[in-house]
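First up is the structure itself, then whatever we jot down about it.
To find a chain, count down the sequence lines: A is the first, B the second, and so on, and within it residues start at 1. As the structure is a prediction and not an experimental result, all values here were calculated from the model.
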Number of protein chains: 2
Amino acid sequence: MDAPRQQATTVPGPRSGPVRLADVAEAAGVSRALASRVLNGDPAARAAAGTKARIVETAARLGYVPNVAAKSLRGNRTGLIGLVVHDLSSPIYLELMRGAREEAARHSYFLVLGDVDELLADEEAFRILISGRRVDGIVMQGGHGELDRRVGDIARALPTVVVNAPTDVEHEGATQVYPDEVAATRLLTEHLMGLGHRRIGLVSGPRQSMTNRLREEGIVTALAAAGLELREEDRVHGEWSADGGRAGVDQLVDRWGAGVDRPSALIAGNSLVGIGMLGALARHDLVIPRDLSVAAVHDTWINEHLAPSLTAVSLPLHEVGTVAVRTLLAGSHGGRHILTDPPPVLHARGSTGAAG
Amino acid sequence: MDAPRQQATTVPGPRSGPVRLADVAEAAGVSRALASRVLNGDPAARAAAGTKARIVETAARLGYVPNVAAKSLRGNRTGLIGLVVHDLSSPIYLELMRGAREEAARHSYFLVLGDVDELLADEEAFRILISGRRVDGIVMQGGHGELDRRVGDIARALPTVVVNAPTDVEHEGATQVYPDEVAATRLLTEHLMGLGHRRIGLVSGPRQSMTNRLREEGIVTALAAAGLELREEDRVHGEWSADGGRAGVDQLVDRWGAGVDRPSALIAGNSLVGIGMLGALARHDLVIPRDLSVAAVHDTWINEHLAPSLTAVSLPLHEVGTVAVRTLLAGSHGGRHILTDPPPVLHARGSTGAAG
DNA sequence: CTGAAAGCGCTTACAG
DNA sequence: CTGAAAGCGCTTACAG
């Protein structure tokens, strides 16, 4: 793990190893203090323009790169943000990660990856991440029951932003950032009603989860505006996964076989659920959208390539990531931010059609 | 960004802020040196068992967590590994990321996320990551032309492991870790031949990419063993993406329309390509597997939920991630590791059937 | 075996 | 405006 000095030919002095600030200062004939100030753009440093230029040029020539550990120790700031996620396998949250990473980069921050389950299993790692001044703040994906319960502890130790999965509790000190879930399913429902659907079902995640409740609210609101309702027998709750979607469809098909009328359209609580539903419906020989229209929350690249392609509403997850990091670095403590801009966007595709 | 002291009630001394080693030493009545040695499990520290226990217990009671920046500065080691990836949207590499993260955690390391395009666009960030002693080493995803060209520079500055995409060049100092690509497509081909297919086509990524060449090699080898060949008119090269798969199918269908005979089975160069192919074939009214069997390299959770479900060979990407990190931390410099254990595994599903 | 002291590389009050 | 000096929190030769 040795890092051979880079500029051996340029600086043939006795010292080996990476170029330090002291080396730059010496080569430029100034003090370390001045070199530090000029290189950091301290406006108070008003050295002769020539001196400034010489310092900058010397640093470049020597290939000086500041030692991050020293900066951290001195400045009490690591330049790192912890991104704590569960469910890395889901394509849904990658866009959020990407948004977070981009915004972090804009502020010269890097992201440190944490996995919820791992962190909960390894108390030592958890403590180092949270209390070891390992990172300057935490952006964590909400909606993981066990971790949600510890948000208060985390926020007490570090600036914390909870993204995406809203929770009931106003976690003391933690800021929440999430998209406009209600608007998303309202849009989806209006799209289906515009196609003539009057009876719309739902396959979603855990009934009591805040995310599900908000998504149901959007559907119920939109239906109510047209004098319609979301019937109890048309909804099914399970996991936020493709397996959950498949299980949901199996349940509904059982009900229909037992004499319950079929709705003409189904909303998938999220994109994974939607993928599972399409596969399961095909296996039950139901043709989409002829027999049933299907539309999902969340748009990923996959939707376009499914057969039929999957109608979906996209939430501004990239912005959620961006705003989360920006909020964190701005030093916000507490409160909820519901992102209403940009609004959810409907992507109408092959899986939705006119009501039969 | 203040970190309120955690144990204010336990240590009501004048000092506020996080508990330091010095606080532990003082409270335990020993020197900082001894406290450091005992807490770090230095075998040379043979203090009276009682003293040792007292130090450990005091540290726990005060909620002592070492300051990472100070450790890094002193020890010249950050406890961080840079994971540099392109194509975060692909479900394929998530398993690799997960393997890397797990192995890193096992060694008390964290992963810092880097994006290839971003790093190439921001020279400053690149330099800090590579030369700022920001991380102790780099695991980077190969196969990105521009970054591949800089591997030599990176490996000169830091221990470097290139994962997954093999390259032609033996990058000086960089270690390569990748799965047994040839065995994977050989397995896929044998599966298809076992179903009676004698003419097998391929839709893959860039023809000259090392990954494609190895995958082709597996097909050609397996076919040759049965006296068969991979015909020029049955192969198509493009992007490693669902769009690439769709474009590939469109091209093949054009050829078939122009009088070329159809093969009875197609291999998808990777799982994204396979997803794109299934969608495109459906749009051309080809029924899978009746008209054509399809099988892909890489297995992800999606395959099972497609309609038809997609036959695929899984590569041990989790192990690639694991081995990459292990190799890096073991201090290996250079060489190629082809992972032959565990071997690729075939997952036969609905998209492959007996040759018509 | 243990402690006092030096030092990792940086920044920032504090003097001048 | 600039420099000398202190100090961030830790570990490890070096003495004892």
Notebook entry, point to check: So what does A:L21 touch, heavy atoms closer than 4.0 Å: a base, only the sugar-phosphate, or nothing?
Noted result: base
Note to self: With rounding to the nearest 0.5 angstrom, report the CG to CZ distance, B:D122 to B:R127.
What the structure shows: 10.0 Å
Check: Between A:L329 and A:E103, is any pair of side-chain heavy atoms under 4.5 Å apart?
Finding: no
Next item on the list: Write down the distance between CG (B:D23) and P (D:dG9), rounded to a whole number of angstrom.
Entry: 9 Å
Margin query: Could you spell out the base pairing of DNA chain D as a dot-bracket line? Use Watson-Crick and G-U wobble contacts where both distances are under 3.5 Å, [ ] for crossing pairs, | for partners on a different strand.
Written below: |||.||||||||.|||
Check: Could B:E95 and B:R98 be called an ion pair, given the rule that one side-chain N must be under 4.0 Å from one carboxylate O?
Finding: yes
Notebook entry, point to check: Using the P atom in both, what is the distance from D:dA5 to D:dC1, to the nearest Å?
Noted result: 22 Å
Notebook entry, point to check: How many Å lie between CD1 on A:I55 and C1' on C:dC10, as a whole number?
Noted result: 15 Å
Next item on the list: May I ask you to decide whether B:R106 forms a salt bridge with B:E102, counting only side-chain N to carboxylate O separations under 4.0 Å?
Entry: yes
Next item on the list: Rounded off to whole Å, could you give me the CG-to-P distance for the A:L39 and C:dC10 pair?
Entry: 10 Å
Next item on the list: For the pair B:R54 and B:E57, find out whether any cationic side-chain nitrogen is under 4.0 Å from an anionic carboxylate oxygen.
Entry: no
Note to self: Taking any heavy-atom pair under 4.0 Å as a contact, classify B:D42: base, sugar-phosphate, or nothing.
What the structure shows: nothing
Checklist line | Interatomic distance at C1', D:dG16 relative to D:dT12, whole Å | finding: 16 Å
Next item on the list: Mind listing the residues from residues 67-74 of chain B sitting with a heavy atom below 4.0 Å of DNA chain D? Number order is fine.
Entry: B:N67, B:A70, B:K71, B:R74
Next item on the list: Using a 4.5 Å cut-off on heavy atoms from C-beta on, say whether the side chain of A:M140 contacts that of A:V116.
Entry: no
Next item on the list: First locate atom CD1 of A:I55, then atom CZ of A:R37, and finally report the distance between them rounded to the nearest 0.5 Å.
Entry: 11.0 Å
Note to self: Measure NZ/A:K52 against C1'/D:dC1 and give the value in whole Å, please.
What the structure shows: 11 Å
Note to self: With nearest nucleotide decided by heavy atoms, which residue, B:G75 or B:A35, maps closer to the 5′ end of DNA chain C?
What the structure shows: B:A35
Next item on the list: Measure across A:G173 and A:A155 and return the closest heavy-atom pair with its distance rounded to 0.1 Å.
Entry: C-CB, 4.0 Å
Item checked: For atom CZ of A:R77 and atom P of D:dG9, their distance in whole Å -> 17 Å
Item checked: Atom pair CD1/CD1 of B:I138 and B:I130 - distance to nearest 0.5 Å -> 4.0 Å
Next item on the list: Could you check which of D:dT11, D:dT12, C:dC10 has an atom nearest any side-chain atom of A:R32?
Entry: C:dC10
Note to self: Nearest whole Å is fine: how far is C:dA4 C1' from B:L34 CG?
What the structure shows: 13 Å
Checklist line | Donor/acceptor link under 3.5 angstrom from B:R37 side chain onto base of C:dG3 | finding: yes
Next item on the list: Report the nucleotide, chosen from D:dT12, C:dT12, D:dC10, that has the shortest atom-to-atom distance to any side-chain atom of B:Y64.
Entry: D:dC10
Notebook entry, point to check: Below 4.0 angstrom, N of the basic side chain to O of the carboxylate: do B:E146 and B:R149 qualify?
Noted result: no
Item checked: Separation of C:dG9 C1' from A:N76 CG (nearest whole Å) -> 16 Å
